[in-house]
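The model shown is predicted, which means the values in this text are computed figures rather than measured ones.
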Amino acid sequence: PVDAREWRPSSEGGEVPRVAEGRAPALPSSPGQKDRYRRILRAAAEHGATYGFDRIQMLDVAKDAGVAIATLYRYFPSKTMLFTALLHSQVERLDRVAAEVRPGQAPADAVAQVLVGASRRLLERPLLAQAMLQSNNATVAGESPTMAVTGAFADLILRVAGVDAPTDHDLRLVRLVEQTWYGVLISELNGHIDAEESEGDTVLACRLLLADLGTT
């Protein structure tokens, strides 16, 4: 389970537990703010890939990003929000480069192709993948549900499938695919299935769940 505590500098120069603030993170607007935001995400990715979620300290991320710890907490009030935002950025990047349905290709297979490719990239750095998925699940569960990756993921799937005006039923199918894909990734990360089984499960889930996407 995710530890809801975070860290802040103490007067002795070390770090002490800090309860995550119940507030929405600030959004960068100026070029300088956006640059600091990107540096924080890059530093978080490196720490996540090296140490995993539980051993990461926010002060170290801020130091490597070249920002004050207060700046980091302004954008990311908790470590969970930081790694949820990192997953969000990964999905948005995937959305920019993902190809749409090829002539003769079923939309479900196009989506499966994108998710299998994303799985391979994410699992190249398993500790980071675990940190991002764990954080997103915790965000959905209650820390700040509106910050979860669901919206960006839905946009990606619908664009790849060529669905411009999704119905409530379409959105429900996409939500089920998202939940299933995360579960498959966690199963592979935990060693319950291998890469071949993981990819096969992803393809099967897309074909079963998205067979009538955009048709009702």
Could you report the tightest heavy-atom contact between [X] and [Y], atom names first, then the distance?
X	Y	result
Thr180	Ala205	CG2-CB, 3.7 Å
Ala131	Ser135	O-OG, 2.8 Å
Ala154	Val174	CA-CG1, 3.6 Å
Pro25	Met81	CD-SD, 4.1 Å
Glu92	Ala152	CG-CB, 4.4 Å
Ala43	Val61	CB-O, 3.7 Å

*Can Asp170 and Thr167 be counted as having a side-chain donor-acceptor contact under 3.5 angstrom?*
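Judged by distance alone, the side chains do pair up.
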*With a 3.5 Å cut-off and no angle check, do the side chains of His47 and Asp60 form a donor-acceptor pair?*
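Looking only at side-chain atoms, Asp60 and His47 do not form any donor-acceptor pair under 3.5 Å.
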Value rounded to 0.5 Å, distance of [atom1] in [X] from [atom2] in [Y]:
X	Y	atom1	atom2	result
Leu72	Met58	CG	CE	4.5 Å
Leu128	Leu123	CG	CG	10.5 Å
Asn136	Thr80	CG	OG1	10.5 Å
His169	Asp212	NE2	CG	4.0 Å
Ser198	Ile186	OG	CD1	11.0 Å
His192	Glu197	NE2	CD	12.0 Å

Evaluate the side-chain proximity of [Y] to [X]: yes if any heavy-atom separation is below 4.5 Å, no if none is.
X	Y	answer
Leu213	Pro107	no
Gln134	Phe83	no
Val177	Leu115	yes
Ile56	Thr50	no
Trp181	Thr202	yes
Ile157	Leu173	no
His88	Thr84	no
Gln130	Asn190	yes

*Stepwise, does the side chain to side chain contact (heavy atoms under 4.5 Å, CB included) test hold for Gln105 with Gln113?*
CA-CA 11 Å; Gln105 184 181 33; Gln113 179 179 323; 3.2 Å; yes
Given the rule that I, L, V, M, F, W and Y join up when any side-chain heavy atoms are under 4.5 Å apart, are [X] and [Y] in one cluster?
X	Y	answer
Val116	Val160	no
Val91	Leu176	yes
Leu59	Tyr75	yes
Leu158	Tyr182	yes
Val184	Leu122	no

*Salt bridge present between Asp168 and Arg172 (N-O < 4.0 angstrom)*: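 Not counted as a salt bridge, because no side-chain N and carboxylate O are separated by less than 4.0 Å.
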*asked:* Below 30° counts as parallel, above 60° as perpendicular, anything between as tilted: where do the rings of Phe76 and Tyr37 land?
replied: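 Tilted, since the angle between the ring planes falls between 30° and 60°.
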_Let's go through Leu189 and Leu133 carefully: what are the C-alpha distance in whole Å and the side-chain angles of both, what is the deciding distance for side chain to side chain contact (heavy atoms under 4.5 Å, CB included) to 0.1 Å, and is it a yes or a no?_
CA-CA 10 Å; Leu189 282 166; Leu133 293 170; 3.9 Å; yes
_Polar side-chain atom of Ser89 near backbone of Leu86 as donor-acceptor pair, under 3.5 Å_ = yes
